[in-house]
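Please read the structure below before turning to the comments.
So that the names make sense, note that chain A is the first sequence line, chain B the second, and so on, each numbered from 1. Basis for what follows: all heavy atoms, side chains included, without hydrogens, waters or symmetry-related copies.
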Number of protein chains: 2
Amino acid sequence: MFMDNYHDRRVRKSKIALKNALISLLQQKNLQQITVTKIVQAADVNRGTFYKHYQYKEELLEEMVDDVILDLIDSYREPLKEGEKISIDNLNVSAIKIFDHVEKHADFYTIIAKSNALVGLQSRICMQLTDLMKEVVEQTREIKGIELNLLASYQAYAIWGLIREWIDQDFKYSATYMSNQLLTILHFTRYS
Amino acid sequence: MFMDNYHDRRVRKSKIALKNALISLLQQKNLQQITVTKIVQAADVNRGTFYKHYQYKEELLEEMVDDVILDLIDSYREPLKEGEKISIDNLNVSAIKIFDHVEKHADFYTIIAKSNALVGLQSRICMQLTDLMKEVVEQTREIKGIELNLLASYQAYAIWGLIREWIDQDFKYSATYMSNQLLTILHFTRYS
DNA sequence: AAACAAATGTTGATTAACAAACATTTGTTT
DNA sequence: AAACAAATGTTTGTTAATCAACATTTGTTT
């Protein structure tokens with residue numbers, strides 16, 4: 001009668017429980033030290049439920065990353081909705097939304113930032129950020145002698161730098177403050 | 001294979017979701033204004049699941065109250081475990097644990113304290129508190145001319161007074177501070 | 001009072017999650 | 001190297017939770 005697993009509440013809830021459990025465990029130890037048994041215990045879910053959806057714990061982590069990246073994309077694109085005029089300014093407006101996104105997933109970002117084993121995920125985030133910025137930049141007319149792809153990459157990694165520092169300081173600043181910092185920095189290094 | 005509903009994770013989780021949803025809704029409107037539909041929506045649970053366990057929303061609320069009262073009893077009895085010497089001092093040690101309990105269920109207590117329709121539940125809490133104190137008092141030898149049942153009731157309602165004020169001030173004090181307040185008050189009105 | 005929408009309660013088919021038992025693998029201790 | 005515990009996958013029967021459709025009741029608007 002209903003064969004669409006992803007919209008089944010039970011599936012959704014089980015997966016969320018497993019992901020929350022993994023996040024929580026990753027705050028204490030690294031992935032190899034974590035067992036499937038520990039995950040299902042923390043998630044309060046039967047072992048069989050885990051193996052119904054995933055083969056290894058790595059697969060769970062991967063889906064977790066996918067989720068966050070999808071939310072990153074959502075957060076970034078949200079201010080660009082409804083065919084508004086796209087410009088370099090939009091690029092900055094969107095960048096600001098990213099701080100909200102990072103704060104929302106603070107636990108996740110802290111884990112991947114502070115883990116040596118998970119550096120691969122950092123670069124994946126960076127690449128995604130760059131891609132998003134390039135997307136905006138493609139729809140913009142040239143500005144005096146700047147290679148826009150370079151600009152996109154430049155700014156993506158710059159923002160990642162802000163985020164890294166934010167994380168390393170244990171989120172002691174608010175997302176709004178971080179946005180203001182970005183705007184202030186942009187004001188100094190103006191390219192228009 | 002397993003026929004014990006109460007230890008089934010699915011049951012436990014569904015009920016918790018429904019209770020949390022009800023608490024959350026009661027913060028906005030009173031019970032009559034809340035529909036079963038709203039509850040199951042907020043709980044992210046199918047309507048059928050609700051009707052599997054409860055007939056009306058009132059039944060859900062009742063079970064919620066039962067849960068809290070059971071936890072109140074647990075909290076109170078915990079320091080009295082393992083046949084420790086029971087005395088009037090224990091009565092105070094236990095009273096302190098109650099503040100932790102109330103803080104843990106802050107949302108619940110706020111709702112029943114601030115609702116006119118739910119005054120019946122307040123007196124139920126008070127009675128339970130009195131019963132618990134009487135229980136301790138029964139195992140204690142007399143102290144100079146004090147009717148111990150009166151003492152139990154006196155103190156139970158006194159503590160409820162503290163809790164009421166605590167709630168009315170939106171929990172602006174910590175549980176520890178409340179404990180200290182209680183101890184200080186007891187120090188002034190010493191009966192030994 | 002008729003039409004309407006919203007909430008209620010019920011039903012049936014489907015399946016994800018469950019407990020519990022199992023054999024297997026891994027890794028440590030004796 | 002044998003004994004041991006712990007973690008890993010797998011399996012089976014059972015059922016709570018799910019979706020979706022339905023008839024009914026309630027309450028509001030026209």
Side-chain angles (χ1 to χ4, degrees), chain A residues 1-64 66-67 111 115 117-118, chain B residues 1-64 66-67 111 115 117-118:
Chain A
M1 204 170 254
F2 54 94
M3 69 251 99
D4 190 346
N5 279 357
Y6 280 90
H7 296 140
D8 190 311
R9 278 171 168 143
R10 293 172 294 185
V11 175
R12 225 176 53 234
K13 291 174 189 174
S14 295
K15 287 189 168 190
I16 288 173
L18 287 167
K19 284 166 192 167
N20 287 340
L22 182 55
I23 286 241
S24 156
L25 291 171
L26 279 170
Q27 288 170 337
Q28 297 150 27
K29 27 183 161 270
N30 61 31
L31 195 59
Q32 325 167 255
Q33 296 171 309
I34 296 170
T35 66
V36 174
T37 302
K38 291 269 178 186
I39 295 173
V40 297
Q41 277 170 354
D44 193 24
V45 149
N46 188 273
R47 163 101 43 81
T49 302
F50 177 92
Y51 286 109
K52 181 146 212 168
H53 301 298
Y54 311 101
Q55 295 196 58
Y56 345 97
K57 54 195 175 187
E58 287 79 11
E59 213 170 307
L60 173 61
L61 177 62
E62 193 167 338
E63 194 174 277
M64 230 171 69
D66 291 343
D67 291 346
I111 286 163
S115 155
L118 272 45
Chain B
M1 205 172 250
F2 53 95
M3 70 250 100
D4 190 348
N5 279 359
Y6 280 91
H7 295 138
D8 190 311
R9 278 170 168 145
R10 292 172 295 185
V11 176
R12 222 176 57 234
K13 290 174 188 174
S14 294
K15 289 191 166 187
I16 288 173
L18 287 167
K19 285 166 193 168
N20 287 339
L22 182 54
I23 286 239
S24 156
L25 291 171
L26 279 170
Q27 288 170 338
Q28 298 149 27
K29 28 182 160 275
N30 61 31
L31 195 59
Q32 322 167 257
Q33 297 171 310
I34 296 169
T35 66
V36 174
T37 303
K38 292 270 178 187
I39 295 173
V40 298
Q41 277 170 356
D44 192 24
V45 149
N46 189 274
R47 163 103 44 80
T49 302
F50 177 93
Y51 286 110
K52 180 145 210 170
H53 300 298
Y54 312 101
Q55 296 196 56
Y56 345 98
K57 54 194 174 187
E58 288 78 11
E59 214 170 306
L60 173 62
L61 177 62
E62 192 167 338
E63 194 174 277
M64 229 172 71
D66 291 342
D67 290 346
I111 286 164
S115 156
L118 274 41

- Query: B/Lys57 or A/Ser14: which one's nearest nucleotide on DNA chain C is closer to the 5' end?
  - Reply: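 This one resolves to B/Lys57.
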To the nearest Å, give me how far apart [atom1] ([X]) and [atom2] ([N]) are.
X       : N      : atom1 : atom2 : value
A/Arg10 : D/dA16 : CZ    : C1'   : 8 Å
A/Arg12 : C/dA17 : CZ    : P     : 12 Å
A/Ile16 : C/dA17 : CD1   : P     : 12 Å
B/Tyr51 : C/dA7  : OH    : P     : 12 Å
B/Leu60 : C/dT8  : CG    : P     : 13 Å
A/Tyr54 : C/dA17 : OH    : P     : 10 Å
A/His53 : C/dC18 : NE2   : P     : 9 Å

Is any side-chain nitrogen or oxygen of [X] closer than 4.0 Å to OP1 or OP2 of [N]?
X       : N      : answer
B/His7  : C/dC18 : no
B/Lys13 : C/dA17 : no
A/Arg9  : D/dC19 : yes
A/Asn46 : C/dA17 : no

Out of curiosity, [X] [atom1] to [Y] [atom2], how far, rounded to the nearest 0.5 Å?
X       : Y       : atom1 : atom2 : result
B/Thr49 : B/Lys13 : OG1   : NZ    : 13.5 Å
B/Tyr56 : B/Phe50 : OH    : CZ    : 10.5 Å
B/Leu61 : B/Ile23 : CG    : CD1   : 9.0 Å
B/Leu18 : B/Met64 : CG    : CE    : 11.0 Å

- Item | Residue B/Gln32 excluded, over 12 heavy atoms near CD under 6.0 Å |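 Not buried by this count: 12 neighbours or fewer within 6.0 Å.
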- Task: Please evaluate the base of D/dA16 for a donor-acceptor partner in the side chain of B/Asp8 within a cut-off of under 3.5 Å?
- Result: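 Flag unset: no donor-acceptor pair detected.
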- Message: On DNA chain D, compare the nucleotides closest to A/Arg47 and B/Lys52; which residue's is nearer the 5' end?
- Response: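 Checking each residue's closest nucleotide, the 5'-ward one belongs to A/Arg47.
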- Query: When the C1' atoms of the five terminal pairs at each end define the local axes, what inter-axis angle does the helix from C/dA5-D/dT26 to C/dT26-D/dA5 show, to 10 degrees?
  - Reply: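 Angle reported: 50°, given to the nearest ten degrees.
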- Query: Considering residues at least two apart in sequence or located in another chain, which fulfil the side chain to side chain donor-acceptor pair (under 3.5 Å) criterion with B/Asp67?
  - Reply: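 B/Asp67: side chain to side chain donor-acceptor pair (under 3.5 Å) contacts with B/Lys19.
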- Message: Would the distance check show the side chain of A/Glu63 and the main-chain N or O of A/Leu60 forming a donor-acceptor pair, the cut-off being under 3.5 Å?
- Response: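 Not at all, since once roles are kept as given, no pair shorter than 3.5 Å links the two residues.
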Which donor-acceptor pairs under 3.5 Å do side chains of residues 38-46 of chain B form with protein atoms, sequence neighbours excluded?
{"unit_1": "B/Asp44", "atom_1": "OD1", "unit_2": "A/Arg9", "atom_2": "NE", "d": "2.8"}
{"unit_1": "B/Asp44", "atom_1": "OD1", "unit_2": "A/Arg12", "atom_2": "NH2", "d": "3.2"}
{"unit_1": "B/Asp44", "atom_1": "OD2", "unit_2": "A/Arg12", "atom_2": "NH2", "d": "2.4"}
{"unit_1": "B/Asn46", "atom_1": "OD1", "unit_2": "B/Gly48", "atom_2": "N", "d": "2.8"}

Filtered N/O pairs between nucleotides 23-26 of chain C and protein, under 3.5 Å:
none

- Message: Restricting to non-hydrogen atoms, name the atom on A/Ile34 and the atom on A/Lys29 that form the minimum distance, rounded to 0.1 Å.
- Response: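 Result for this residue pair: CD1-O, 3.8 Å.
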- Are B/Leu31 and B/Leu22 side-chain neighbours, meaning at least one heavy-atom pair lies under 4.5 Å?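 When only atoms from C-beta onward are counted, B/Leu22 and B/Leu31 do touch, with a gap below 4.5 Å.
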- Message: Is there a side-chain contact between B/Tyr54 and B/Val36 in this structure, where contact means two heavy atoms from C-beta onward sitting under 4.5 Å apart?
- Response: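 A side-chain contact under 4.5 Å is absent here.
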- For B/Ile16, which residues count as a side-chain contact (heavy atoms from CB on, under 4.5 Å) partner, sequence neighbours excluded?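 Testing B/Ile16 for side-chain contact (heavy atoms from CB on, under 4.5 Å), a comparison that skips the adjacent residues, returns B/Asn20.
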- Taking only heavy atoms on the protein side, list every residue of residues 29-37 of chain A lying under 4.0 Å from any atom of DNA chain D, sorted numerically.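 Only A/Thr35, A/Val36, A/Thr37 qualify.
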